[in-house]
There are 2 protein chains.
Amino acid sequence: MAQKNLLPLILLGLLRDSKKTGYELKKDFDTEIGEFWSVKHSQIYLELKRLTELGEINAVTGFFGSKVEKTYYEITKFGKERFSKWQCSFQNELAVNKDEFVLKLYFIKDKSDERLGQLLKNQYELHLEKLLHLRQRMKDVFSTIDKDNNYGHYLILNHAIKREEEYTQWLDDSLKYISVGEEKNKREYID
Amino acid sequence: MAQKNLLPLILLGLLRDSKKTGYELKKDFDTEIGEFWSVKHSQIYLELKRLTELGEINAVTGFFGSKVEKTYYEITKFGKERFSKWQCSFQNELAVNKDEFVLKLYFIKDKSDERLGQLLKNQYELHLEKLLHLRQRMKDVFSTIDKDNNYGHYLILNHAIKREEEYTQWLDDSLKYISVGEEKNKREYID
DNA sequence: ATTTTCATGTAAGTCGTTACATGATTCT
DNA sequence: AGAATCATGTAACGACTTACATGAAAAT
C-alpha cells in the first residue's frame, strides 16, 4: 500500500462506543482526533463503504426521527477484532518524521545566513500558537471528561504539549544563539 | 496534489553543490538526508525526469572515465531560482504530525488498561534506539565537516536529538506513573 | 433572504510504494 | 563462482487531495 492505511482503524476506533454517521465521523476530525490526524470527508465515505463490504461495520440507513435520511455505521464483531488486534500490536520500526521546515534548514549551510533568523522566527510563531492551542485543549477536554477514563487521550495531549515546548524552546535557543554570533561578529568588525 | 511534493525541492537542494547521478541521490537518502526524509529510488528517477522536462535540471549521459554509462544531473538557473524561492518562503500553518503510536494511545480509555504498559515499553525501545543513533550521528557528522558551515544540518540534528529525548522521557514518565498507579491499586486491594 | 451547516457522495489527478526488470561491476 | 553493489528504469496499484456536485435544514 502507498501509505499505512490507518484510517479504517481510526474509524473502527471511533465507532467502538456508539454508531455514527459519516458526517459525525468527519466532525471528529475537526475537533477530537483532528489534533492528531487529518483526513478529507471524501476519503471517510470511501473507507466506510470498504469497511461495510468487509463486514467490519454495518450501514443502517433511515430517518431516525430526523427529517433527513442518514446512514449510521455500527461496528461488528469482526471490526472489533481487527481493531483490538491492531491496538495491542507492536511496531518494529519508526516512520521518518517528515517536517518541511527541518528540510529547509538542512540546506542552510552558513551559520550567518540572513534567511536563518527569518525562518526561525516564522516557525517560532507557528509552534507557539500551536503550543498555546494545545494547552487550552488540555484544559477544555479534561474539564468535561475524566482523565483516568480517557487516559490515552490525556497522555498524548500531554506529549503534544511537551513536544511543542521542546520545539519552541529549540527555535528560541537557536535564534538567540545566531544573534549572539552576529553580535560577536559585529564587535569583531568594529573593534 | 496528493502530498506536498517536496521531493523535487530536495533533489534541487542536493544538486546545488555538484552534479550527481540518480544513484548518488538515492544514496543520500540512505545516509545524509535519510535521517529526515525517505523516498524510493523509483520516485527519484521519475522526479528527475520531470525536473529535466521543466528545465530545472540538465541531464548529461556519458561514460565519464567509468565503464558504465551514467546520467549526471546538474541544476540550471531556473532550478536554482525555484529552490531559493522555496527556501526563504514562510509557512502559514503546520502540518498534522501523524504518529501511529499516538493514534493507538488515543483509543486507550482506561488508565489501568493492561496493554498500556506493553505499548509504552515497545515504543520506548524504538525511540531510545533512535536517540542513541542520532547522538552517534551528531558525533560522526561533525567530526568530518564543520558545524558553522553546515549549520542547518547541525540545528536539525540537535533538534532531532532533543525531540527523541523528550519522547523517551515522556514514555518513561508515563510508564512510571502507571506502575505507581498499579502499586497503589494493589495496596488498596491488599490492605 | 441569504449564508452556514447538515449530509453524502463521485471523478480526476498526484504522490508514493511495491514489485518487476535488466545488466555490468566489484567484492569475497 | 556467487553475492553484493552499481545503475536505471517501468508497471501496477493504493492512499489521499482537490474539485465537482447536490439538496435540505437551520441560523442570521
Side-chain angles (χ1 to χ4, degrees), chain A residues 1-12 14 19-31 33-34 36-54 57 59-73 93 95-98 100 103, chain B residues 1-12 14 19-31 33-34 36-54 57 59-73 93 95-98 100 103:
Chain A
M1 64 211 104
Q3 231 88 327
K4 235 210 145 180
N5 205 14
L6 291 164
L7 182 56
L9 275 319
I10 300 173
L11 295 176
L12 290 173
L14 292 172
K19 64 180 183 195
K20 285 176 176 172
T21 66
Y23 192 77
E24 286 170 337
L25 288 164
K26 184 215 133 195
K27 283 265 154 171
D28 285 338
F29 285 94
D30 294 338
T31 54
I33 203 168
F36 309 103
W37 209 266
S38 66
V39 75
K40 306 290 165 185
H41 78 274
S42 54
Q43 190 63 17
I44 292 177
Y45 287 109
L46 216 138
E47 211 62 61
L48 285 171
K49 202 190 224 174
R50 208 178 301 180
L51 284 169
T52 308
E53 283 162 11
L54 286 168
I57 58 176
V60 187
T61 305
F63 287 89
F64 307 98
S66 134
K67 288 169 190 171
V68 199
E69 206 180 27
K70 295 179 193 177
T71 302
Y72 275 96
Y73 296 92
E93 57 183 0
V96 173
N97 206 337
K98 294 188 174 183
E100 182 172 356
L103 215 52
Chain B
M1 65 211 105
Q3 232 88 327
K4 233 209 148 182
N5 204 15
L6 291 164
L7 182 55
L9 276 319
I10 300 174
L11 295 177
L12 291 173
L14 292 171
K19 62 181 184 197
K20 285 177 176 173
T21 67
Y23 193 76
E24 285 171 337
L25 288 165
K26 185 216 133 194
K27 283 263 153 173
D28 286 338
F29 285 94
D30 293 338
T31 54
I33 203 168
F36 309 103
W37 209 266
S38 66
V39 75
K40 307 290 166 186
H41 78 274
S42 54
Q43 191 65 16
I44 292 177
Y45 287 109
L46 215 138
E47 211 61 62
L48 285 171
K49 202 191 224 174
R50 207 177 302 179
L51 285 169
T52 308
E53 282 163 10
L54 286 169
I57 57 176
V60 186
T61 305
F63 286 89
F64 308 98
S66 137
K67 288 170 191 170
V68 200
E69 206 180 28
K70 295 179 191 178
T71 302
Y72 276 95
Y73 296 92
E93 57 183 0
V96 173
N97 207 336
K98 294 188 174 183
E100 182 171 356
L103 215 52

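Sequence lines set the chain letters: A, B, ... in the order given, protein chains first and strands last, and positions in each chain run from 1. Only this structure's heavy atoms are used, side chains among them; waters, hydrogens and symmetry mates stay out.
Applying a 4.0 Å cut-off to non-hydrogen atoms, the residues of residues 44-52 of chain A that approach DNA chain C are A:Y45, A:K49, listed by residue number.
A donor and an acceptor atom never sit less than 3.5 Å apart when one is taken from the side chain of B:T71 and the other from the base of D:dT8. Evaluation of atom-type donor-acceptor distances gives no pair under 3.5 Å for the side chain of B:T21 against the base of D:dT8.
In this structure, CG on A:N97 lies 4.5 Å from CG on B:N97, to the nearest 0.5 angstrom. Atom CD in A:E47 sits 5.5 Å away from atom CG in A:L51 (nearest 0.5 Å). Going from atom CG of A:L6 over to atom CH2 of A:W37 covers 4.5 Å, rounded to the nearest 0.5 Å. If you take OH on A:Y72 and OG1 on A:T61, they are separated by 11.5 Å, rounding to the nearest 0.5 Å. Of the inter-residue distances, the one linking B:L103 atom CG with B:K98 atom NZ reads 9.5 Å to the nearest 0.5 angstrom.
At C:dC6, one or more side-chain N or O atoms of A:Y23 fall inside 4.0 Å of OP1 or OP2 (strictly under the cut-off). In this model, the phosphate group of D:dC16 is approached by a side-chain N or O of A:Q43 to a distance below 4.0 Å at OP1 or OP2. Checking the phosphate oxygens (OP1, OP2) of D:dT18, a side-chain nitrogen or oxygen of A:K40 falls inside 4.0 Å.
B:K98 comes within contact range of no nucleotide atom at all, as no heavy-atom separation falls under 4.0 Å.
Between A:L14 and A:F29, the closest side-chain pair of non-hydrogen atoms falls below 4.5 Å.
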